[in-house]
2 protein chains.
Amino acid sequence: MATASDVAKAAGVSISTVSYALSGKRSISATTRDKVLKTAEELGYLPHASARMLAAKRSQIIAVTAPLHQDTDHTVHMQFAMEVTKSARECDYDTLLLVHDDAMEGMRRSAGTALADGIAVLDVDADDPRADLARGLDYPVVFIGIPHDTTGLICVDLDFEAAAALAVDRLADAGHASIGLVSHPRITMDRGSNFPLRFLEGFERRCRERGIAFAVAYPEATSARRAINELLTALPGMSGLILNTGSEVAADAVPALGARGRSVPDDVSVIAAGAAYSTERFAVPLDTIPLDAHASCAAAVDLLVAAIDRGEREPRTVLIAPEYRDFDSVRRAGVAEDVSQASA
Amino acid sequence: MATASDVAKAAGVSISTVSYALSGKRSISATTRDKVLKTAEELGYLPHASARMLAAKRSQIIAVTAPLHQDTDHTVHMQFAMEVTKSARECDYDTLLLVHDDAMEGMRRSAGTALADGIAVLDVDADDPRADLARGLDYPVVFIGIPHDTTGLICVDLDFEAAAALAVDRLADAGHASIGLVSHPRITMDRGSNFPLRFLEGFERRCRERGIAFAVAYPEATSARRAINELLTALPGMSGLILNTGSEVAADAVPALGARGRSVPDDVSVIAAGAAYSTERFAVPLDTIPLDAHASCAAAVDLLVAAIDRGEREPRTVLIAPEYRDFDSVRRAGVAEDVSQASA
DNA sequence: CTGTTAGCGCCTTCAT
DNA sequence: ATGAAGGCGCTAACAG
């Protein structure tokens, strides 16, 4: 490959002029800059990444640690990894994938060898060991997700508590006084995956605040049947349902309600909250409070790049405000009851 | 961070002795090696990645290009990306994720800047533009998947034709003379995604060779219902079914057959072939010819590393022989008929 | 077996 | 506005 000195020779300038002409880090006469740019183009010159890294003391690489648990939703996972990558590219960074087997080792290595300039941490557990590591690293790390102890960390995530409250409010405002929540599988909860916990807390708190009768069920991996049955047992009059689940369980909720003689939205109003998928093509589209991978990852990468490039490392937690997307799966409680009484 | 010269000073040796003691690239007396290793340990020395890359003319990085199509099965995708990463780590390589938006640009950049030492290409279409790029790059590239024109390329994949033939043989050997195939959604086929095509060809050829009546259906994204109905219309006597589909469609196949009054395996023998998922926890576990991400990726990484480290760049296509996993979802045709007659 | 030294290709300060 | 030159930290000949 052509080097900067090749370009310099061919263009009849010095090697530093080539460097500056391409980086624009100091003023260069239009004439010589054009000449340099043109010959660089002709020679197909591209700066050697390692040489640039070494001289600039920056690798322009962000490491991504994305553990794969048995219950990991790969769809969501992949979305986040790709969104981090996309956002990183927009800031002129590449992303390096760390294997989860030795996430800690990978993080230490990235930092210790300056392989990467910073790390994005995905799929954060409440009691995530990567949090302590990050605290001891003196190295830019951003968490996409919120561990229990955020001391000293930079974290970004959807505000799941607010999302839960928003969902409850929508249903309560529509007159629903008995609301069920389908949360995540037990295995996920037991692991201490944090966002389901935060959603759950937000849900319970807001229900209490508004005097709503509520119940919670934990589905199996891909079926909502048993969870729905449990909710209907606990709340026979349940007229509102919030799904904080993966897409498969969410898609199964309407049929599961149907199997118990409830139709959506006439008998039960349903909201999918913290959903990384679209419900538009469901048999019955559901009102959604999206988990926007792009928003979270773009914000996270911005923070990480700020920490790397501008040394902005003040710990902080950025909660992304939830949005509501209406697909008409929530009806007024009174109306719904009239309809069901009429048909009864 | 501590540098090699820090270690050299502290250990009272020369800098090259440090380098050699750590790389083992030339013999060193046990005494001095131990001394070097110990002080390196004490100082927490880790070689600076960029410096090492520059001097060694090798980045120890493999780029991975993994396009995300609308119909991409993220589960499979993620599996492959992670398996490449794991295998790469075992060869002391890291993996860089290329965004699919500008896959070509990313490949050119990886090669042109020596950011990566080679590229692994995932999710290969029959007419994949990355193939032509690779041919023109003079740079180690390995395809995990097989484009139509493999001239000049190194490719690795499950032998989907053989897998199809194996599935047909199993059913034919068990006396089934009428076999249906649920292939991939039309959108996937239209894109020219190659492995479904190869599977389809293998299926049709072997059916013809063995004089089997056959039919093919293309399912929707997540439901097998319509596809199953189409097959039963085309082949009213269908007693064998091959599923070359994603996990959701596969899981839906048994219920879909049930809805048409067929039970598995009594009325219909079923095989999931080219399956990247496990059927063990299906209501009815299915005989499986696995699509083993680990096997494909490990082989691919080995080839890529051989190309990088040892210059072994002869084009070739490695087809991984299919294996058969028996879960008792295939019964003898005669037996099955007796049972269904008895219950009729 | 070990030390000395010349780069790797680029960035950037110091001169001019 | 441009050029010259000194590293960045490591590897790998080249000398002993």
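Chain letters run A, B, ... following the sequence lines, proteins first, then strands; residues in each count from 1. Both backbone and side-chain heavy atoms feed into the values below; hydrogens, waters and symmetry mates do not.
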Checking D:dC10, D:dC8, C:dC8 against the side chain of A:Lys57 (C-beta onward), the nearest is D:dC8
Do any N or O atoms from the side chain of B:Tyr139 and from the backbone of B:Gly118 form a donor-acceptor pair under 3.5 angstrom?
yes
_Looking at A:Ser29, is its backbone amide N or carbonyl O close enough to the side chain of A:Thr32 to form a donor-acceptor pair, meaning the two atoms are under 3.5 Å apart?_
yes
Check residues 120-128 of chain B and write down every donor-acceptor pair under 3.5 Å in which the side-chain atom is one partner and the other belongs to a residue at least two apart or another chain.
{"from": "B:Asp125", "atom 1": "OD1", "to": "B:Arg191", "atom 2": "NH1", "distance (Å)": "2.8"}
{"from": "B:Asp128", "atom 1": "OD1", "to": "B:Arg130", "atom 2": "N", "distance (Å)": "2.9"}
{"from": "B:Asp128", "atom 1": "OD1", "to": "B:Arg130", "atom 2": "NE", "distance (Å)": "2.9"}
{"from": "B:Asp128", "atom 1": "OD2", "to": "B:Asp125", "atom 2": "N", "distance (Å)": "2.9"}
{"from": "B:Asp128", "atom 1": "OD2", "to": "B:Arg130", "atom 2": "NE", "distance (Å)": "3.4"}
{"from": "B:Asp128", "atom 1": "OD2", "to": "B:Arg130", "atom 2": "NH2", "distance (Å)": "2.8"}

Notebook entry, point to check: Is the backbone N or O of A:Leu153 less than 3.5 Å from a side-chain atom of A:Thr150, with the two atoms forming a donor-acceptor pair by type?
Noted result: no
Any base atoms under 4.0 Å from B:Val18, or only sugar-phosphate, or nothing? Heavy atoms, all strands. nothing
- Message: Tell me whether the side-chain N/O atoms of A:Tyr20 come closer than 4.0 Å to OP1 or OP2 in C:dT13.
- Response: no
Among the nucleotides C:dC10, D:dC10, C:dG3, whichever has the atom closest to the side chain of B:Thr17 is C:dG3
Check your understanding: Touch check for A:Ser16, heavy atoms < 4.0 angstrom, all strands: base, sugar-phosphate only, or nothing?
Key -> base
With distance as the sole test, does B:Asp117 use its side chain to make a donor-acceptor pair with the main-chain N or O of B:Gln60 at under 3.5 Å? yes
Comparing nearest nucleotides in DNA chain C, the 5'-proximal residue of the pair B:Leu54, B:Ile15 is B:Ile15
Closest to the side chain of A:Ser19, out of C:dT12, D:dG3, C:dC10, is C:dT12
Among C:dC11, C:dC8, C:dT4, the one nearest any side-chain atom of B:Ser14 is C:dT4
Q. Distance only, no hydrogens: is a donor on one side chain within 3.5 Å (strictly under) of an acceptor on the other, for B:Thr85 and B:Thr95?
A. yes
Residues in residues 23-32 of chain A with a heavy atom under 4.0 Å of DNA chain C, by number, are A:Lys25, A:Arg26
